[in-house]
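Computed from a predicted structure; not experimentally measured. In what follows, chains carry the letters A, B, and so on, assigned in the order in which the sequence lines appear, proteins first and then strands, with residues in each chain numbered from 1.
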Number of protein chains: 2
Amino acid sequence: MARVTEVTDEPDVEDFDFVKVLSAVADPVRLSILRQLAEALEAISCGAIDLPVKASTATHHFTALRQAGVLHQYYIGTSRMNVLRTEDLEKAYPGFLPSVIAGSAGINRD
Amino acid sequence: MARVTEVTDEPDVEDFDFVKVLSAVADPVRLSILRQLAEALEAISCGAIDLPVKASTATHHFTALRQAGVLHQYYIGTSRMNVLRTEDLEKAYPGFLPSVIAGSAGINRD
DNA sequence: GGCATATTTTGACACGCATCGTACTAAGTG
DNA sequence: CACTTAGTACGATGCGTGTCAAAATATGCC
C-alpha cells in the first residue's frame, strides 16, 4: 500500500508573492498544465499531463508553478501527483485563477 | 490648442494574446504603473507616473504594456498620456485586470 | 539489494529581458 | 528655423529562462 509523500518547497498562502505567481503562469506550457488540472478536477501525475516539451523541461515548469504556490504535489508510489491550490489562490488573489484559466482557453495547446 | 495624436502599435481586442498580456503584467514596475493608472481614474502622462527606474527603462515597460493591449496611449502636446484599456481587457479576459490590480496592492512599490 | 517506473539534476546553449547612459526623435511654441 | 519639453532608440551588459540530452535520484516492489 503506497503512502502519500509530500513535496516540501511550497510557500504558505501568507507567503505568496504575486509577481512570482504571475511570472509562473505567464508561459504557454504552464497554462496548459493549469488547464489540464482544472479540467480534470482531480490530481494528475506529472507524466500524465500532456505537454509539448521533454520530461526534463516539464520538471522545470512544474517546479516554477509549485514554488510560486500554484501547485501542490505529493507522491503516490513513484508518481508525483499535482493539484491546483485553488482555495489558497482564491484566498490570496480573488478571481485571479479562474480568469487565468478562462483566458488560457483561447490558447492553442501546441 | 494641442491636438490629440494617437500612438499606433496597440492590438485590437480581437488580437489580444493572453500570454503576452500575462507576461506584460508579470513585472513589479509594470504592476506599479497599472496601480497608479487604476487609482487615478484618468489619463496620466508617462512622466507623471512615479517609477523606480530611469526614463529609458520606463519606455520599455510602457511599450510592453501598450503592445500587449493593456494601455492606450496618445499625445497631448509633448506629453504621452496613458489609460488602461479596462473595457477591452474585461471583454477579452473577464475578471483578470481587477484581480491583478487587487493582487498587486500587497506589493511594496520599490 | 536488484529491478522498475517516474522524475529530477546537471550541463550546455540560445535567446530574451531589465537595466543604464547617451544620442536621437516627437510634439510642440515663437 | 531655434528652442524646449517629453519621451524613445540604441548599444552594452548581466542575468534569467526555456530547451534538450544524459546521468542521477526518488519512490516503490520483490
Engineer: Categorize T63(B) for me: base, sugar-phosphate, or nothing, with a 4.0 angstrom heavy-atom threshold over every strand shown.
Structural biologist: nothing
Engineer: Quickly work out the L71(B) CG to dG7(D) C1' distance and round it to whole Å.
Structural biologist: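 It works out to 15 Å between those atoms.
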Engineer: Nearest whole Å is fine: how far is dT8(C) P from H61(A) NE2?
Structural biologist: 12 Å
Engineer: Rounded to the nearest Å, what distance is computed from the CG atom of residue L51(B) to the C1' atom of nucleotide dA6(D)?
Structural biologist: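 Rounded to whole Å, this separation is 15 Å.
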Engineer: Nearest heavy atom decides the nucleotide; on that basis, is R30(A) or K54(A) closer to the 5' end of DNA chain D?
Structural biologist: R30(A)
Engineer: Using only modelled atom types and a 3.5 angstrom limit, is any donor from either the side chain of S56(B) or the base of dG21(C) paired with an acceptor on the other?
Structural biologist: yes
Engineer: Kindly state each residue pair satisfying ring-ring contact (aromatic ring centres under 6.0 Å, His included) with at least one member in residues 31-61 of chain A, sequence neighbours excluded.
Structural biologist: none
Engineer: Please name the residue in the list I101(B), L89(B), L41(B) that meets the side-chain contact (heavy atoms from CB on, under 4.5 Å) test with L84(B).
Structural biologist: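 With L84(B) as partner, I101(B), L89(B), L41(B) yield a single side-chain contact (heavy atoms from CB on, under 4.5 Å), made by I101(B).
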Engineer: Look at the side chain of T59(A) and decide which nucleotide, out of dT9(C), dA6(C), dG21(C), has an atom nearest to it.
Structural biologist: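 From the listed options, dT9(C) comes nearest.
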Engineer: Tell me the interatomic distance from Y75(A), atom OH, to dT5(C), atom P, rounded to whole angstroms.
Structural biologist: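 After rounding, the gap between these two atoms is 16 Å.
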Engineer: Donor-acceptor pair, S32(A) side chain versus P28(A) backbone, under 3.5 Å?
Structural biologist: no
Engineer: P94(A): which residues meet the side chain to side chain contact (heavy atoms under 4.5 Å, CB included) condition with it, sequence neighbours left out?
Structural biologist: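 Partners of P94(A) by the side chain to side chain contact (heavy atoms under 4.5 Å, CB included) criterion, ordered by chain and then number, come out as E90(A).
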Engineer: Please list, chain by chain and in numerical order, all residues satisfying ring-ring contact (aromatic ring centres under 6.0 Å, His included) with Y93(B), sequence neighbours excluded.
Structural biologist: F18(B)
Engineer: Scan residues 62-71 of chain A for pairs that pass side chain to side chain donor-acceptor pair (under 3.5 Å), counting only residues two or more places apart or in two chains.
Structural biologist: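 Listed by first then second residue: D9(A)-R66(A), D9(A)-Q67(A), R66(A)-Q73(A).
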Engineer: For the side chain of D27(A), starting at C-beta, report the closest nucleotide among dT8(D), dC20(D), dG18(D).
Structural biologist: dG18(D)
Engineer: Roughly how bent is the helix from dG1(C)-dC30(D) to dG30(C)-dC1(D) end to end, in steps of 10 degrees, with each end axis from five pairs?
Structural biologist: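 The end axes of the helix from dG1(C)-dC30(D) to dG30(C)-dC1(D) are about 20° apart, to the nearest 10°.
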Engineer: So, does the side chain of T78(A) form a donor-acceptor pair with the base of dA26(D) at under 3.5 Å?
Structural biologist: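 When only heavy-atom distances are counted, T78(A) does not reach the base of dA26(D) through any donor-acceptor pair under 3.5 Å.
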Engineer: Within the 4.0 Å heavy-atom criterion, would you say S79(B) contacts the bases, only the backbone, or no part of the nucleic acid?
Structural biologist: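 Counting heavy atoms under 4.0 Å across all strands, the contact made by S79(B) is with sugar-phosphate only.
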Engineer: Using side chain to side chain contact (heavy atoms under 4.5 Å, CB included) as the criterion, list what pairs up with V83(B), not counting sequence neighbours.
Structural biologist: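 Here the qualifying residues are A43(B), H72(B), Y74(B).
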Engineer: From the options dT19(C), dT8(C), dG18(D), select the nucleotide whose nearest atom is closest to the side chain of V53(B).
Structural biologist: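 Nearest to the side-chain atoms of V53(B), counting from C-beta on, is dT19(C).
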Engineer: Among the candidates dC20(D), dG7(D), dC20(C), find the nucleotide nearest to the side-chain atoms of T57(B).
Structural biologist: dC20(C)
Engineer: Of the options dG18(D), dT9(C), dT19(C), whose atoms approach the side-chain atoms of H60(A) most closely?
Structural biologist: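 Nearest listed nucleotide: dT9(C).
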Engineer: If you assign A55(B) and A64(A) each to the DNA chain D nucleotide with the nearest heavy atom, which residue ends up on the more 5' nucleotide?
Structural biologist: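 Going by which nucleotide is closer to the 5' end, it is A55(B).
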